[in-house]
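A quick write-up on the structure given underneath.
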Amino acid sequence: MYNFKEVEQKWQKKWEEEGTFNAKNDYTLPKWYGLIEFPYPSGQGLHVGHPRSYTALDIVARKRRMQGYNVLYPIGFDAFGLPAENYAIKNHIHPKITTEQNVAHFKQQLKSLGFSFDWSREINTTDPDYYKWTQWIFIQLFKKGLAYKATMPINFCTGCKVGLANEEVVNGVCERCGSPVVQKEKSQWMLKITEYAQRLIDDLDDVDFLDKIKAQQKNWIGRSEGAEVNFKIKDTDDSLLIYTTRPDTIFGATYMVISPEHPFIEKHKDMIQNLSEVKEYQEKAAMKSDFERAELNKEKTGIEIKGIKAINPLTNEEISIWISDYVLITYGTGAIMAVPAHDQRDFEFAKKFKLPIKLVIKSKTEDIENKELEEAFTGVEDGVSVNSGFLTGLDSKDAINKAIEYIEENNLGKRKVNYKLRDWVFSRQRYWGEPIPMVYCEDCGWVPVPEEELPLKLPEIQDYEPGENGESPLAKQTDWINTSCPHCGKPAKRETDTMPQWAGSSWYYLRYMDPHNDKEFVSKEALEYWSPVDWYNGGMEHTTLHLLYSRFWHKFLYDIGKVPTKEPYQKRTSHGMILGENGEKMSKSKGNVINPDDIVREFGADSFRVYEMFMGPFDQTAPWSMESIRGCSKFLDRVWSLQDILVDGDEYSKEFENMMHKAIKKVGNDIEEMKYNTSVSTFMTMVNEFSKAKKINKKEFETFIQLLNPFAPHMTEELWERLGHTDSLAYQPWPEYDEAKTIDDLIDLPIQVNGKLRANVEIQKDEDKESVKEKVHQNEKIKTYIEGKEIVKEIYVPNRIYNIVVK
RNA sequence: GCCGAUAUGGCGGAACUGGUAGACGCACUAGACUCAAAAUCUAGCGAGAAAUCAUGUGGGUUCGAGUCCCACUAUCGGUACCA
C-alpha cells in the first residue's frame, strides 16, 4: 500500500536540502522563465485556487527541466496591503508581525504541495532590501516627469478613509472593504500611465497573450478618435472646449452640456443669473460617486446655466449651456456639444428638457427624415450628412474627415485621440506600504530622497489609525516627518502617504532574476539572460490592473535603458476560479471553504495536484468535489500497484508500443495547451490497459513515470528510485515519440447508410478504395440495408468513414 | 444596454481541420473476497420493448452537424452615460 505521507516528506526534504529546483547561474544554457502571481499572505492561509495556477505552471516548469532548459520558477510574497493593517488596528498587533506569521504559514503550505519553486530566490515586497528598489523606480519616474502631484477630485472610500484609483472602485463601493465611495478633493501623487496608452495598445501585437486578455486590455485603455472644438461664449472673449468623436454632427449641436465640476462655472459666476440653483446642483452631484451618477440617472437630471449663451461655430446660432452629471470631468474636456438627434444620451436629455432636436444625418437604409425620432440615429456606416452646409451629401466617414479639416483650417480646434485610461492615483493615506521617498521644501518644492539614502524605511509605530481627514498614520510621526531638504539643507517635511499595493507587484518578476543584488535592482547580465518572462499565468481579474501597471513600469524602465525588452511577459494565460461544492464562490459566510491542508492530510499532495488538473478545463470555472478527488487518489494507488505486475524489457512491447507513442505525444501537447484534464485521462486509460493485461515492462513503466512526474512528482520520484535509479527523475530527458508509431495499423472503419451508422468493418491502414468497397458490400448488415435500393452515391473518407446513400 | 464566455447522461467532463457523441472519472447496479462492513477486484451503466430518439430552443447548409450559418433562450464574467 502506498504511504503518501512518508514518501512526500522524504522527497520534499531531499529537494529542499539539495536545492534540486534552484535555477542555475550558468547563462550559457537555454533558459525558461515561468511565473505565477505571487500570493498576498492573508490570514486565512492558502486558498485551493492558488494551487490550480501553481500546479499548472509547475507542470510546465518540470517538463522544461526534462527538456534540458535552465528553469527559473520563482516564488515570493506580495505582503503590503490593507488586510494586515486593518487587522493591526483591530487587534493592536504590528502588521510586520502578522505578515511574518502569515508568510511562514503560506511557506509551509506551499512546500507541502511539492512545487518546484526556487526558494533561494524568495522575495517579499515588505523587505527593505526589496522596497529600496521600488522606491528607486519611483524616483526615476519622478525625474522623468511621470510622477506628479495633483489636486483633483478622487474617489474617497468612507470606510478605509483612503483615496482609491478609479480601477479600485467596483460597483460604486470600495473593492476591498465594500464601503461607499464619494468624491473628494485631495492632493495626490499620480503616475502618468496615460503617456503610455498608445504603446500599451500597439505592443500587444508582439506578445502571445490570450485573445480575450488582449481585448480586455484594449477596451480598458479605450482609444477613440475625434476632435476638440472651441465653442465661443457670447459677449465674452472666452470659449468652451469640447471633445467629440462625431465632428460631422456639429451642425446638429443645439445646446451644450458641461460637467458640474467644470471650472467654467466659477469663472463666469458673475454672469450666471441662477447661480444658487447651479450651486445646489453642483453640491448634489459632488455627493455622488461616478457609479451612482450613472446608476441613478436612468432619468437625466440637469439645469440650464441662465445668462450665458454659446455660439455654434458652424451654424453661428446661439445655443444654451446646461450642466448635468452625465458629463464627466474626468473624460475628454469635461464639456460636450449636444447633438440630440445623433447621440442617445443627448436625445434623452433633450426630450426631457424640451430642447431642439435637429436631424443632420440621414440613413441609407431607412427613412428617418419624415417621421418623429424615437431614438437617436447613431450609425456611421449607413449615414449621410443632411442640413449640414458644406458637409451635406457626404457619407458619414468622409464627413468626419472633412469636418476636421475645416475645423483645423479655421482654427476652431484640432484632431484629437482620447483614451478612457486615466492616470494612476499612486498615493495611499495608509501605514502598511512603501513610504514615498519624497521631501517637501518650502524653497525647492518636491525633492526626492537621495538614492544613496534608500531604502527610506517605514518607521515602527503603534497607532495605525488613519487621520480624521484621511491623512496617513505617518502624518502623526513628527520625528520622522521633519527632515532637511536634500537640495538646500533647510528644514523640510517628508511625504506621509505610502504607495499602493500595486507598486511592489509591478516589477517583482525582474527582482527574481537577481534577488540578492545590493548594488542594482537587477544586474544587466541577469536581465539579458532571463528576460522576458516566457510564460505568465494569473487570474483574469488582474488583466486590467496589475497586468497593465506592470507593463507600464516595464516600458518606462525600457525607455531609461534599464531593461532589454519592451514587454515584460512573452505569454500570458489565465486560469478559472474554483468554486465550492455547492457551485458558489467559496466564502467563510457560506461555509463552503475547502482548506488545502485538510486535503493534503487526507489524500496527499500528489492526489491534490492530479485532482486540480483533472477537475475540468483549466481556463474555466470549476466546482470542488470531494467525491472526485477520491477517484484521483485511487488512480495513484493503482499506479503504485503496477509494481506488482512489472516484467523485464528494455523496449516497448509490441502490445503497447502504439499506446506509448500516442501517450507521449498527447501528454506533451496537452501540457503546452494547458489541457491537463485530458492528460490525466490518458494516464488513467494507460493504467487500465496495463492492469487488464496484468503486465507492464520496465521500459514502459519508466516512460509512464516520466510522463506522470510533472503531475505527481513525489510518487514518481519514489518509483524511479525503486526501479534502481540513483539520479533524480526531475532531470531525466523528456520521452520522445515516433509519429509513425502513433498511427494504428488496423482500423475499425464505421459504415453509414444515409448518414446513419449501420456497421463497422476492419481494414488495413491506407487500404485501397476498391478493396474497402468490396468489404463494405459483403458485410451482412449492410446488405440488408441496401438490398433492392438504388445506390445514389458512395463516399469514402480514407481511414475515417464510409457512407452509402440509397433511395 | 454593450462586450466576452458557456450550455453535452444523475454529476465533473471527452470528441483532431464537419466523419462511430458520451473518452476518463464520480455516483449507481450486480458479482467475487469477507461472519459482516469498508477497501479492493470483475462486469454493467443516455432514453426507449423496438423502430428509433438524443449535445439549451427553432430553422438552414451538407452524403454526414456537438462542431458551420441565421434567429432565439438561459447562466456566468467584465463594464457602466467615455461625448
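Every chain is numbered from 1, with letters handed out A, B, ... down the list of sequences.
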d([atom1], [X]; [atom2], [N]) in whole Å:
X: A/Asp325; N: B/A83; atom1: CG; atom2: C1'; answer: 15 Å
X: A/Lys416; N: B/A83; atom1: NZ; atom2: C1'; answer: 14 Å
X: A/Met540; N: B/G4; atom1: CE; atom2: C1'; answer: 8 Å
X: A/Leu328; N: B/A80; atom1: CG; atom2: P; answer: 11 Å
X: A/Lys218; N: B/G78; atom1: NZ; atom2: C1'; answer: 17 Å
X: A/Glu689; N: B/U42; atom1: CD; atom2: C1'; answer: 15 Å
X: A/Ile629; N: B/A27; atom1: CD1; atom2: P; answer: 13 Å
X: A/Asp346; N: B/C82; atom1: CG; atom2: C1'; answer: 13 Å

Distance check, rounded to the nearest 0.5 Å: A/Thr742 atom OG1 versus A/Tyr737 atom OH?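 These two atoms lie 7.5 Å from each other.
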Show me the donor-acceptor pairs, under 3.5 Å and distance only, between side chains in residues 675-685 of chain A and residues at least two apart or in other chains.
| from | atom 1 | to | atom 2 | distance (Å) |
| --- | --- | --- | --- | --- |
| A/Tyr676 | OH | A/Ala56 | O | 3.0 |
| A/Thr678 | OG1 | A/Asp670 | OD2 | 2.7 |
| A/Thr678 | OG1 | A/Lys675 | O | 3.0 |
| A/Ser679 | OG | A/Asp670 | OD2 | 3.3 |
| A/Ser681 | OG | A/Asn677 | O | 3.1 |
| A/Ser681 | OG | A/Thr678 | O | 3.3 |
| A/Thr682 | OG1 | A/Thr678 | O | 2.8 |
| A/Thr685 | OG1 | A/Ser681 | O | 2.8 |

Output yes when at least one side-chain N/O atom of [X] is less than 4.0 Å from OP1 or OP2 of [N], else no.
X: A/Arg758; N: B/U52; answer: yes
X: A/Lys793; N: B/C63; answer: yes
X: A/Thr330; N: B/C82; answer: no

Can you list everything that forms a side chain to side chain donor-acceptor pair (under 3.5 Å) with A/Asn592? Sequence neighbours excluded, please.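 Side chain to side chain donor-acceptor pair (under 3.5 Å) list for A/Asn592, sorted by chain: A/Asn582.
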Please list, chain by chain and in numerical order, all residues satisfying side chain to side chain donor-acceptor pair (under 3.5 Å) with A/Asp745, sequence neighbours excluded.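 For A/Asp745 there are no side chain to side chain donor-acceptor pair (under 3.5 Å) partners, ignoring immediate neighbours.
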With sugar-phosphate taken as primed atoms, P, OP1 and OP2 and all else as base, the protein-contact string of nucleotides 15-25 of chain B at under 4.0 Å (heavy atoms; B, S, -) is SB--BB--BBS
Pull up the glycosidic torsion of B/G9 and say syn or anti, syn being anything within 90° of 0.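 The base of B/G9 is oriented syn (glycosidic angle within 90° of 0).
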Pick base, sugar-phosphate or nothing for A/Ser625, based on heavy-atom distances below 4.0 Å to the nucleic acid.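 Touches nothing.
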Give A/Lys420 one of three labels, base, sugar-phosphate or nothing, depending on what nucleic acid heavy atoms sit under 4.0 Å from its own.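 Touches a base.
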Separation between the [atom1] atoms of [N] and [M], rounded to whole Å:
N: B/G46; M: B/G25; atom1: P; result: 15 Å
N: B/A80; M: B/A65; atom1: P; result: 44 Å
N: B/G78; M: B/C69; atom1: C1'; result: 28 Å
N: B/U8; M: B/G58; atom1: P; result: 16 Å
N: B/G64; M: B/C53; atom1: P; result: 14 Å

Taking only Lys NZ, Arg NE, NH1 and NH2, and the carboxylate oxygens of Asp or Glu, determine whether A/Arg630 and A/Glu627 approach each other closer than 4.0 Å.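 Salt bridge: yes.
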Non-neighbouring partners of A/Asp343 that pass side chain to side chain contact (heavy atoms under 4.5 Å, CB included), sequence neighbours left out: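 Partners of A/Asp343 under the side chain to side chain contact (heavy atoms under 4.5 Å, CB included) test: A/Arg345, A/Asp346.
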Decide whether a cation-pi geometry holds between A/Lys695 and A/Phe690; the criteria are a distance under 6.0 Å from NZ or CZ to the six-membered ring centre and an angle within 45° of the ring axis.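 That pair does not qualify as a cation-pi contact.
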Tell me the stems RNA chain B sits in, counting at least three consecutive Watson-Crick or G-U wobble pairs, each under 3.5 Å on both distances.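 Paired runs of 3+ in RNA chain B: B:1-7 with B:73-79, B:10-12 with B:24-26, B:28-32 with B:40-44, B:56-60 with B:68-72.
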With sequence neighbours excluded, what pairs up with [X] under the ring-ring contact (aromatic ring centres under 6.0 Å, His included) test?
X: A/Tyr785; result: none
X: A/His661; result: A/Tyr652
X: A/Phe635; result: none

What residues form a salt bridge (charged side-chain N to carboxylate O under 4.0 Å, His left out) with A/Lys218, not counting sequence neighbours?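 Salt bridge (charged side-chain N to carboxylate O under 4.0 Å, His left out) check on A/Lys218 returns nothing, list empty.
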A/Leu547 versus A/Gln217: any side-chain heavy-atom pair under 4.5 Å?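 The answer is yes, as the side chains (C-beta and beyond) meet within the 4.5 Å cut-off.
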Of residues 331-344 of chain A, the positions that come close to RNA chain B - non-hydrogen atoms, cut-off under 4.0 Å: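 Close to the strand are A/Tyr331, A/Ile336.
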Name every donor-acceptor pair, under 3.5 Å, that has one atom in a side chain of residues 616-623 of chain A and the other anywhere in the protein, sequence neighbours excluded.
none

